Participant: 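I'd like to ask some things about the structure below.
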Amino acid sequence: MPAAVYKPSPLVRNPSYFGLKTDKNHKRHKKSISWVDVSDEEDRGKKSLKRRNSAVNGHHDSAVNGHKHKKRRHSNDSSPQVNGAGPSQINGTLGTKAKALQEQRSQLPIAKGRDALIEEIRQNEVTILLGETGSGKTTQVPQYILESGLARNGMIAVTQPRKVAATSLAHRVAAEQNTTLGDLVGYAVRFDEKSSDQTRIKYLTDGMIVRELMSDPLLSNYSVIIVDEAHERTLRTDLLIANLKNIQKQRNQPSDAKGKGKANTSNPLKIVVMSATLDAEKFSKFYHNAKIIYVKGRQHPVKIYHAAESQLDYADAAMRTFFQIHTDQPPGDVLIFLPGQEDIESLQKSIELYAKQLPADKPAVLTCTMFAAQDHSQNNKAFNPTPPNMRKCILATNIAETSITIPGIKYVIDTGKCKEKQYLARISGGGFDTLLTRDITKSSAMQRTGRAGREGSGVCFRLYTEEAFQNMAVSGEPEILRCSLTASILNLKTLGQNLEELDLMDKPDFDTIASALKTLWLLGAIDQKQKLTPAGRKMAAFPLEPQYSCAVVASVQYNCVAPVLDIVSILSSSSKLFLDVTDQRTAAAEARRMFVHPRGDHLTVLNAFRAYKEIAAADSKSVRREWCRKHFLNERTFIEAKDIREQLVLVCRRVGINVEGEKEGGEEEEDGVIRSMGHGLAGNSAFLQPDGTYKQTMGQTIIKIHPGSSICDKKVPAIIYDDLMYTNQIYARGVSSIPKSFFLSVQAFNQRQA
DNA sequence: GAGCACTGC
């Protein structure tokens, strides 16, 4: 093998940011932020707390730190009203498994601070809990609150940005409480709910509780709401945090406030915001300087190496570093973080190529790739145990940063890059998303590093200098500043709220709001005075992008509700329908040709869905799977779309849209479908230009049809599209041909409907 | 001529 391959990238050893075992490390860490272990004794912790608290609210004492925590979790007796909510059969009847769980619980870093923590929450309306990964905060805090009686008779909600987190946490906590899932401990995520009258601790996605706002604006079923992973600043978390501030004001204040005699003083609300990273003060300030409590985590130490000089080619640097690890370091799998699929696939090829030239005495290399667009069976290969005398090398996107934990990782190679979607708002022609490679943030770097220390001590190689690390932003821009607000604004309108008046932690800029309002007006969802129209109220009832709920509402006119539901169900599914395996593109295109509709992607999707439903009705699971595989279709998309469709049918019934009684197929139906979609996508339309590109009808932007589209090569006079995405060029995706004459009248139609 | 990650009673 060429020597250059094994020439190590210049790397500089740095002390660990995670190995907080020694004082030396602690001091270093303090430079960025001081973590106080609630289980730790005074001196170390108090100092930092003082500094922190004086910055925040001037309180120098801390209950968390000032108490000695002799009492363990069984101390229900210390609370006024336990309400039978303690762990069931805690005495005597516990099985060995349950005992082991209790033992584990009491060993968590957070366990020793339990009483102090409860006291803080009892005394404050809002508590900010800053905890490292592995502290146990997400599973334990809700149980502490329940066992202490703080929740009275109400429920404790714990919100999560991701569905899997919500469900698996509920499983875990139900086991710890030694109860059946759905009794005392439950969860609610879209399409899946396990809860009952008995449920006191409920894990839900943030989106779920935001939806719940629409039917219960005061969230009166919950007496404690714990917002977890708040640092991720998802759009829905931000909306929730803003609403909670309002709700708490209404629920906790005496009823004389502003003539709103409805304030329910008998049902006050407590808020706990949990964050894993450095920006706790922002939450604290937002909630009137709420107290911040720190909990140290438990993580195996990870050695961090930074590159001595910046690496121009991060993929090449990653490869050299990998082989450096492979030849010099003890066994253990390697995880490489890369920005996207393209880098992953090309690096995989390079690594495999060079791995073949390894000397015989070196272990062989097994590469796995992981990214969201990849088939799940492929992604899951990373979970297979590494065969003896082999080293696994996993090439992954951000998917492995938070969503998926891969066991056995000892080494992390961090390129310091990721791709991020950013919405570019423009009033004319509508905004569009950009998807560009950029530097990661500090908290993201820490998260990636932490992936090497899940099971034992590890090593992280950062392919950027320490200086570059120091120059990184602390955390990313909140999503609310990076995405289209059309759906959120519509949903808020049904609550009588205007986004621009909402007390948000970060306020989106004017263009983003104006662009969303314009879109909503085009759809007929709001009128000239920005007031919600009856059609808009219908649209908001659907868990869909307003463009698509508008299409559903419009489809009634064309007697084609059913096929439009099929299409929007597929389009709003989280995974793509058409699988893209880079080196089998021609085969995939060939296999899909039978679904392609000359009028474009929307009807192509409809054809595929109908074909699948036919197969699904007649054949076994394995036949179905094979059929999907053969046609390069993602069966998960179909399965999810069927769930979504069922949900949409229910909403249709509720808002008085009749789904039944339409005949399938025919030109008339096709026409109606395109026209319905055209109502929703009127703002997303463009005319053909002489040079073969398209120009927006409502803006000046020149766009191209995405190469993945079924009508990419066709030069049709006018198109509608699902969205625009800027990568190398501005591409329109999800494109259909539409008669020029039609969509000029659409706007007028939408307004009339309004 | 091409694909960061999530989510919705």
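Chain identifiers are assigned alphabetically (A, B, ...) following the order of the sequence lines, protein sequences preceding nucleic acid strands; residue numbering begins at 1 within each chain. Being a predicted model, the structure only gives us computed values, none of them experimental.
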Participant: Can you name the one residue among L436(A), L435(A), T727(A) that meets side-chain contact (heavy atoms from CB on, under 4.5 Å) with K419(A)?
Facilitator: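 Only match with K419(A) under side-chain contact (heavy atoms from CB on, under 4.5 Å): L435(A).
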Participant: Can you tell which of dA2(B), dG8(B), dC4(B) lies closest to the side chain of N728(A)?
Facilitator: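 Output: dA2(B).
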Participant: Give one of base, sugar-phosphate or nothing for T727(A), where a contact means two heavy atoms less than 4.0 Å apart.
Facilitator: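 T727(A): backbone/sugar contact only, no base atoms under 4.0 Å.
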Participant: Closest-nucleotide mapping onto DNA chain B: is Q341(A) or C712(A) further toward the 5' terminus? I mean the 5' end.
Facilitator: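 Looking at the nearest nucleotide for each, C712(A) comes out on the 5' side.
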Participant: So E193(A), base contact, sugar-phosphate only, or nothing? Heavy-atom distance under 4.0 Å.
Facilitator: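 Nothing, no nucleic acid heavy atom in range.
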Participant: Return no unless some side-chain N or O of Y731(A) is found under 4.0 Å from OP1 or OP2 of dA2(B).
Facilitator: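 Checking Y731(A) against dA2(B): at least one side-chain N or O falls below 4.0 Å of OP1 or OP2.
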Participant: Within this structure, what is the CZ-to-P distance between R482(A) and dC6(B), rounded to whole angstrom?
Facilitator: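 In whole Å, dC6(B) P lies 13 Å from R482(A) CZ.
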Participant: What is the ring orientation for Y726(A) with F432(A), classed by angle as parallel under 30°, tilted 30 to 60°, or perpendicular over 60°?
Facilitator: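 Judged by the thresholds at 30° and 60°, the geometry between Y726(A) and F432(A) is tilted.
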Participant: Rounded off to whole Å, could you give me the CD-to-P distance for the Q374(A) and dA2(B) pair?
Facilitator: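 Rounded to whole Å, this separation is 20 Å.
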Participant: Does Y548(A) have any ring pair (Phe, Tyr, Trp, His ring centres under 6.0 Å) partners at least two apart in sequence or in another chain, and if so, which?
Facilitator: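 Testing Y548(A) for ring pair (Phe, Tyr, Trp, His ring centres under 6.0 Å), a comparison that skips the adjacent residues, returns none.
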Participant: Counting only side-chain heavy atoms from C-beta out, which of dC4(B), dA5(B), dC9(B) sits nearest to I399(A)?
Facilitator: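 Among the listed nucleotides, the one closest to the side chain of I399(A) is dA5(B).
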Participant: Kindly indicate, with the supporting measurements, whether the criterion ring-ring contact (aromatic ring centres under 6.0 Å, His included) is fulfilled by F609(A) and F638(A).
Facilitator: CA-CA 7 Å; F609(A) 199 9; F638(A) 284 131; 5.7 Å; yes
Participant: Counting heavy atoms from C-beta on, name the nucleotide in dC9(B), dA2(B), dC4(B) closest to the side chain of R211(A).
Facilitator: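 Within the option list, the nearest is dC9(B).
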Participant: Which nucleotide wins on minimum distance to the side chain of P707(A), given the candidates dC6(B), dC9(B), dG1(B)?
Facilitator: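 For P707(A), the side-chain atoms sit closest to dG1(B).
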